[in-house]
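Below: the structure, in structure tokens.
Nothing fancy with the numbering, it's 1 onward along the sequence.
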Amino acid sequence: MRAIGFMDLIVYDGVCVLCSRGMQFIARRDSARFHFVPLQSPYGQALAKRYGISTTEPETFVAIIGGAASFRSDAILAILSHLPGWRWTCVLHVIPKSWRDRIYDFIARGRYRWFGRYDHCPVPPPDLAHRVIQTVPANSR
């Protein structure tokens, strides 16, 4: 299975309040480049399996941009570097990846405790619903 076409995807933990709000943050600033795939959806499950992400205890998300997958802090910086007004964040690559990922992992471990967790993936707001992909697209095989 491959991600559909050249569509840039963000596979995120849909029950994580921080992650869900992060996707809304991205969507408000993005010119519809990114599409979002909740990890708990059928397509999210398939992509998680492909990229080795636990579906029960996810410790990262994946950003698939231009066909290349990025994880942890690299994914965040890859996404931000494509958002108007946030392109400056590419300079953060000078910080060693091991340090960036330690900070990422610290936040990832505490995200449910600090920000909360939904019982199930919330329905996306109407203005974002067309950019959320939940079923495996026919052309992704």
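The ring pair (Phe, Tyr, Trp, His ring centres under 6.0 Å) search around Trp114 returns Phe106, not counting sequence neighbours. For the side-chain contact (heavy atoms from CB on, under 4.5 Å) test, residues two or more places apart in sequence or in another chain that qualify with Ile103 are Ile107. Legend: residues meeting ring pair (Phe, Tyr, Trp, His ring centres under 6.0 Å) with Tyr112, ordered by chain and number and at least two apart, are absent. With sequence neighbours excluded, the residues forming a side-chain contact (heavy atoms from CB on, under 4.5 Å) with Pro84 are Arg87, listed by chain and number. Looking at residues two or more places apart in sequence or on another chain, you find a side chain to side chain donor-acceptor pair (under 3.5 Å) between Gln40 and Asp13. In this structure, the side chain to side chain donor-acceptor pair (under 3.5 Å) partners of Arg33, at least two apart in sequence or on a different chain, are Asp8, His82. In terms of the side-chain contact (heavy atoms from CB on, under 4.5 Å) criterion, Lys49 has no residue partners (sequence neighbours excluded).
Among pairs with a residue in residues 117-130, none fulfils salt bridge (charged side-chain N to carboxylate O under 4.0 Å, His left out), at least two apart in sequence or across chains. The side chain to side chain donor-acceptor pair (under 3.5 Å) contacts involving residues 18-30 comprise Asp30-Arg131, where partners must be two or more places apart or lie in separate chains. Annotation: side chain to side chain donor-acceptor pair (under 3.5 Å) contacts involving residues 54-65, sequence neighbours excluded, comprise Ser54-Thr56.
Follow the hydrophobic side-chain contacts under 4.5 Å out from Leu128 and you reach Ile10 in the same cluster.
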Throw together a table of side-chain donor-acceptor distances under 3.5 angstrom for residues 68-75, partners on residues two or more places apart or in other chains.
residue : atom : partner : partner atom : Å
Arg72   : NE   : Asp105  : OD1          : 2.7
Ser73   : OG   : Arg100  : NH1          : 3.0
Ser73   : OG   : Asp101  : OD1          : 2.6
Asp74   : OD1  : Arg100  : NH1          : 2.9
Asp74   : OD1  : Arg100  : NH2          : 3.4
Asp74   : OD2  : Lys97   : NZ           : 3.2

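Put simply, CD1 on Ile95 and CG on Leu92 are 5.0 Å apart, with the number rounded to the nearest 0.5 Å.
Relative ring orientation between Phe61 and Tyr104 is described as tilted, the plane-to-plane angle lying within the 30° to 60° band.
The nearest pair of heavy atoms linking Cys90 to Ser81 is CB-CB, 4.5 Å.
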